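Since the structure comes first, as structure tokens, the remarks are kept for the end.
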Amino acid sequence: MQGHSSTPAATKAWQALLHHRQRLTTKPMAQLFAEDSQRASRYMIEAAGLTLDFSKNRLDDGALADLMALAEECQLASRRQALFAGEPVNNTENRPALHTALRASAGQTIRVNGKNVIEEVHATLKQMQRFVNAVTGGERRGCTGERFTDVVSIGIGGSFLGPKLATEALTPYHHGGIRCHYAANIDGTEICEILRQVNPHTTLFLVQSKSFKTPETLENAKVAREWLVQRCPQTDAVAHHFAAVSANVDAAKAFGVEADSLFPMWEWVGGRYSLWSAIGLPVALSIGMDNFRQLLAGAEAMDEHFIQAPLAQNMPVVMAMLGVWYNNLWGACSHAILPYDQYLRSLPDYLQQLDMESNGKRVTRAGVAVTYHTGPIIWGGLGANGQHAYHQLIHQGTRLIPADFIIPLVSHNPIANHHADLFANCLSQSQAMMAGKTLEQARFELIAEGRSAQDVDRLASHKVVPGNQPSNTLMMQQLTPWTLGAMMALYEHRTFVQGVIWDLDSFDQWGVELGKQLGQNILPRLLAQPAPANTGNSDSSTDALIARFRAANGI
Ligand SMILES: O=P(O)(O)OC[C@H]1O[C@](O)(CO)[C@@H](O)[C@@H]1O
């Protein structure tokens, strides 16, 4: 593939993959396993404390080789180098996407506009360390001199989903001193419910917004400020109780945040890639700075693996190319994320933003309409709960749904046989997806149950499970700051690689702007008194719904 605007479908590897797809259509995974006793160990990768078993895929060595050839033809190596070197890979905004610099060890040099960003990153980590120590150690207190017991993090999108996931996932590492709450939604219920639970004298508010312009965040921050000021009439209450993380220093200061409570963000960090920056502050307050640094170290170890490992043994590359394989050559339109760990309950939400905001695009980097499908629908939820809900469709529905099963080998809460049970559930799902159940097996089962011949004929087809449904199993010894960091970085790189194949700018998000623009027009029409005249700039559905709202709220 030449340059950046050719289609991946024009590559030699793509043509070869079409043949592989044809060939493998008549060779189910069960047969691939039967023919190769070493398949499980050959299709396994260990990296940065994670183990990926990708043997339960519609894949053999020929297809794998051509998937890697596709990555090469799409210039993955040079695009990866550009990412890490701080080149403006976000080409529509002419910015680097240097989330990897946020977890790079000290002493390296990556320059953006002449400044070594690694120095700024480490200076900020030190500032975070001082702040975390001061808050958890009781040196920094509320306006009445009481110690902080609660942190309310106010932010949305990338300023919320990563920190929330990490705070929940690392619950076993919480110091116990600080409870963390997240207010993201403009639905007032969320902030009201949080404020009902906390004490104004002992609550610290963190306003998390790269732009400091996001309406949901600013409205929630104003509500919190008003709530605080009413309950703590001391003039310096806001200075004591508010800190902020933002690239928009002036706006944060104008809001009332003191300079020493203000943490930097940089234009070269995308919101959905920002957990590793001071946006991770609520996480650091919950688990302590040493653990936060372990999170960064796990991510850095995954970065090194991504840079160094040969493509066919490179975990993010293999996962990404399998995604491309199903998305573009087998017609899958979604990808399920199935964590078998209660602490990872927010992983699907986090990955939805990471993946769908990055690769939900319809033009190439050069602005040319794509002629192939880009990012799939990411969805999922906790195992084993999903088995009693949507797994029915995975097993017997008509869609192809590749899935990632994610499970730690050792639980933080070993009680009775629960973890073995959970593990058995996880393995049984991927096995059922792969092996399925034939009509013959279904009939045999019914006969063994003593069913009548009529029942056997009537029910057997309902019990058939076609199988040959692909899945990855991603494991770690235990869910720790390190392994969580490695896993989150793994998915960041998987997303990046897919963006390279589809020739997308994975670091912009223009698609979310239209709704924001229209919302600005609708809000005054909901509230204005008297009702504004219809400018003709709307549609009858929206107009009628606005009228309903006004009537219901007596406006
Ligand atoms: O951190 P900010 O600037 O408030 O943005 C929040 C989120 O809004 C978005 O820009 C989308 O509207 C996300 O990309 C981002 O993570």
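Nothing here was measured: the structure is a model prediction, and the numbers come from that model. The figures that follow rest on heavy atoms only: side chains count, while hydrogens, waters and symmetry mates do not. Start at 1 and go down the list; that is how both ligands and their atoms are numbered.
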So, [X] and [Y], do they make that salt bridge, N to O below 4.0 Å?
X: D508; Y: R95; result: no
X: R103; Y: E492; result: yes
X: E168; Y: K164; result: yes

At less than 4.0 angstrom from any non-hydrogen atom of [X], what atoms of ligand 1 do you find?
X: K210; result: 1 (O), 2 (P), 3 (O)
X: I156; result: 6 (C), 7 (C)
X: Q509; result: 14 (O)
X: V512; result: 11 (C), 12 (O)
X: G157; result: 16 (O)

With side-chain contact (heavy atoms from CB on, under 4.5 Å) as the test, pick out the partner of P339 among L351, L479, L344.
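Between P339 and the candidates, side-chain contact (heavy atoms from CB on, under 4.5 Å) is satisfied uniquely by L344.
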In the protein, what heavy atom is nearest to atom 5 (O) of ligand 1, and what distance, to one decimal place, separates them?
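Going by distance alone, atom 5 (O) of ligand 1 is nearest to T214 OG1, 3.5 Å.
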Specify the protein heavy atom at minimum distance from atom 3 (O) of ligand 1: its residue, its atom name, and the distance to 0.1 Å.
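Here the closest protein heavy atom is S211 OG, 2.6 Å.
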Measure from the side-chain N and O atoms of N220 to the backbone N and O of N185, and report whether any donor-acceptor pair falls under 3.5 Å.
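At least one qualifying donor-acceptor pair exists.
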What about F263 and F131, are their ring centers closer than 6.0 Å?
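They qualify: ring centres under 6.0 Å apart.
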Where the closest heavy atom to atom 16 (O) of ligand 1 is concerned, which of G511, G270, G158, S159 has it?
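The nearest heavy atom belongs to G158.
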Considering only heavy atoms, which of Q208, R272, E216, E357 lies nearest to atom 13 (C) of ligand 1?
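Result: the heavy atom closest to atom 13 (C) of ligand 1 is in E357.
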Looking only at distances, please establish whether an N/O atom of ligand 1 is found under 3.5 Å from an N/O atom of T217.
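No, T217 has no N/O under 3.5 Å of an N/O on ligand 1.
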Non-hydrogen atoms of V269 and K210 that approach each other most closely
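Looking at all heavy atoms of both residues, the closest pair is O-NZ, 2.7 Å.
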If I compare all heavy atoms of V245 with all of M265, which pair ends up nearest, and what's the gap?
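Where V245 meets M265 most closely, the heavy atoms are CG1-CG, 3.8 Å.
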Counting heavy atoms only, which part of K516 comes closer than 4.0 Å to ligand 1: side chain, backbone, both or neither?
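Just the side chain.
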Mark whether atom 8 (O) of ligand 1 lies under 4.0 angstrom from at least one protein heavy atom.
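Not a single protein heavy atom is under 4.0 Å away.
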